[in-house]
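Heavy atoms only: backbone and side chains are in, while hydrogens, waters and symmetry mates are out. Naming: A, B, ... by sequence-line order, numbering from 1 per chain.
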Number of protein chains: 2
Amino acid sequence: MNYSTKQRTVVGKVIEDAKRPLTPSEILSKGRKKSLSLGMATVYRALRFLIDEGRAVLVEIPGEPPRYESSGRGHHHHFVCNSCRKVFDLEGCLCHVDALAPSSFRVESHEIILYGSCDHCSGV
Amino acid sequence: MNYSTKQRTVVGKVIEDAKRPLTPSEILSKGRKKSLSLGMATVYRALRFLIDEGRAVLVEIPGEPPRYESSGRGHHHHFVCNSCRKVFDLEGCLCHVDALAPSSFRVESHEIILYGSCDHCSGV
DNA sequence: ACATAATTGATAATGCGTTCTCATTTTTGA
DNA sequence: TCAAAAATGAGAACGCATTATCAATTATGT
């Protein structure tokens, strides 16, 4: 059970090498460059395994398709470029945002998402 | 063009009376209580008009269906209850979160979303 | 190398939210 | 009140991401 295959290795590498969260179809096309005739079903299956093993995490942005990134990047948040639609990792966090909730609410986690133009798109 | 109908009035009232962002199906069921045999297509059409007129705004939460709330509540953010899945408005904002982005990025807006248990669900 | 069990990939099927269709009803302005 | 234009609502159709199917391929342990 749970064989080690070329395809899963490729999907894992694509995610680890990426500097930003990727959509399943981005993972598919990057994986196909690294080699072989990778199928979409295999990408989804590999993602499930990677998440189960804790090697990848789901990154959800409102109005955007689900993306996946390597786990072990620590607590961080994301920047969405309104121009190229890419999602970037941000360093650090202002964790006292939890104080925004009324005291009768119990805060377990938070998300901060910035929107704007990335360096490439705003530099033009 | 653009008639004033009972159905649009009802959808507008449902959104204005709500203390939190509502999904289209929540709007449908609340609208049907207020009266009549409201249809889902009409809800979607009414939402389009309300948004075009600037009376309603779209609220998107990762992994959640789109919700709509009355505009004119000013700048604010949201709390998602992990238990009952309802979305609540939060007062205030820590707008210096924009500083999280690298200086080469141009920040245009931000979202802060807190997750946890609402007063009702955590009180049990 | 072998037998077994898991994986792959192309495609079909699914689920679900949203939009379209169109006959009927309602609003509007004259 | 009347004719024209718009809105309604039930259901069909659509788009799209994800999952299931299944024969063929590949990994695994002995």
Side-chain angles (χ1 to χ4, degrees), chain A residues 1-15 18 20-53 55-69 78 80 85-87, chain B residues 1-15 18 20-53 55-69 78 80 85-87:
Chain A
M1 70 282 274
N2 215 334
Y3 292 1
S4 164
T5 67
K6 193 175 184 180
Q7 289 85 345
R8 284 187 194 171
T9 305
V10 166
V11 172
K13 264 204 179 54
V14 166
I15 288 180
R20 54 186 181 79
L22 302 176
T23 63
S25 55
E26 283 176 323
I27 294 168
L28 178 65
S29 54
K30 281 178 190 289
R32 280 186 169 157
K33 281 177 191 168
K34 291 219 174 219
S35 69
L36 74 165
S37 64
L38 189 61
M40 185 54 103
T42 302
V43 170
Y44 278 104
R45 282 185 288 235
L47 286 172
R48 251 202 305 270
F49 278 101
L50 292 171
I51 289 177
D52 284 350
E53 289 175 3
R55 299 209 288 129
V57 294
L58 172 64
V59 175
E60 294 194 276
I61 306 284
E64 292 287 321
R67 291 164 210 260
Y68 299 85
E69 73 178 350
H78 297 99
V80 184
R85 291 280 104 192
K86 282 179 185 158
V87 175
Chain B
M1 70 282 275
N2 213 338
Y3 293 178
S4 165
T5 67
K6 192 174 184 180
Q7 288 85 344
R8 284 187 192 172
T9 305
V10 166
V11 171
K13 266 205 177 55
V14 166
I15 287 179
R20 56 186 179 79
L22 301 176
T23 63
S25 56
E26 282 176 324
I27 294 168
L28 178 66
S29 55
K30 281 179 191 288
R32 280 187 167 156
K33 281 178 191 168
K34 290 218 177 223
S35 69
L36 74 166
S37 62
L38 189 62
M40 185 55 102
T42 302
V43 169
Y44 278 102
R45 282 185 290 235
L47 286 172
R48 253 203 303 271
F49 278 100
L50 291 171
I51 287 176
D52 285 349
E53 290 175 4
R55 301 211 284 130
V57 294
L58 173 65
V59 174
E60 294 195 275
I61 305 285
E64 291 287 320
R67 292 164 211 260
Y68 299 85
E69 73 178 350
H78 297 98
V80 183
R85 291 281 104 191
K86 282 181 185 158
V87 175

Exercise. Just jot down the side chain to side chain donor-acceptor pair (under 3.5 Å) partners of A:D52, sequence neighbours excluded, or say none.
Key: none
Quiz prompt | Proximity to the side chain of A:S37 - top-ranked nucleotide from D:dA10, C:dA10, C:dT7 | solution = C:dA10
Practice problem: Find which nucleotide of DNA chain D each of B:R32 and A:A41 is nearest to by heavy atoms, and output the residue with the more 5' nucleotide. | Solution: B:R32
Quiz prompt | Those residues that, when tested against A:R85, pass side chain to side chain donor-acceptor pair (under 3.5 Å) (two or more places apart) | solution = A:E64, A:N82
Self-check item: Separation of C:dT26 P from B:R45 CZ (nearest whole Å)
Solution: 15 Å
Exercise. For B:E60, enumerate each residue passing the side chain to side chain donor-acceptor pair (under 3.5 Å) test, keeping only those at least two apart in sequence or located in another chain.
Key: none
Quiz item: In residues 2-13 of chain A, which residues come under 4.0 Å of DNA chain D by heavy atom?
Solution: A:Y3, A:S4
Quiz item: CG of B:L38 versus P of D:dA10: gap in Å, rounded?
Solution: 9 Å
Self-check item: For atom CZ of B:R48 and atom P of C:dC20, their distance in whole Å
Solution: 7 Å
Self-check item: By side chain to side chain donor-acceptor pair (under 3.5 Å) - contacts of B:R32 (at least two apart)
Solution: none
Side-chain donor/acceptor pairs under 3.5 Å, residues 4-15 of chain A, sequence neighbours excluded:
unit_1: A:T5; atom_1: OG1; unit_2: A:R8; atom_2: N; d: 3.3
unit_1: A:R8; atom_1: NH1; unit_2: A:N2; atom_2: OD1; d: 3.0
unit_1: A:T9; atom_1: OG1; unit_2: A:T5; atom_2: O; d: 2.9

Quiz item: At under 4.0 Å between heavy atoms, what does A:P24 touch on the DNA or RNA strands: base, sugar-phosphate, or nothing?
Solution: sugar-phosphate
Quiz prompt | Non-hydrogen atoms of B:E26 and B:P21 that approach each other most closely | solution = OE1-O, 4.1 Å
Self-check item: Value in whole Å for how far the P atom of C:dG17 lies from CG of B:L28
Solution: 12 Å
Practice problem: Find the distance B:D52:CG to D:dA6:P and express it as a whole number of Å. | Solution: 16 Å
Quiz item: Expressed in angstrom and rounded to an integer, what is the separation of A:E60 atom CD from D:dA17 atom P?
Solution: 14 Å
Quiz item: Over how many whole Å does the gap from B:M40 atom CE to D:dA12 atom P extend?
Solution: 16 Å
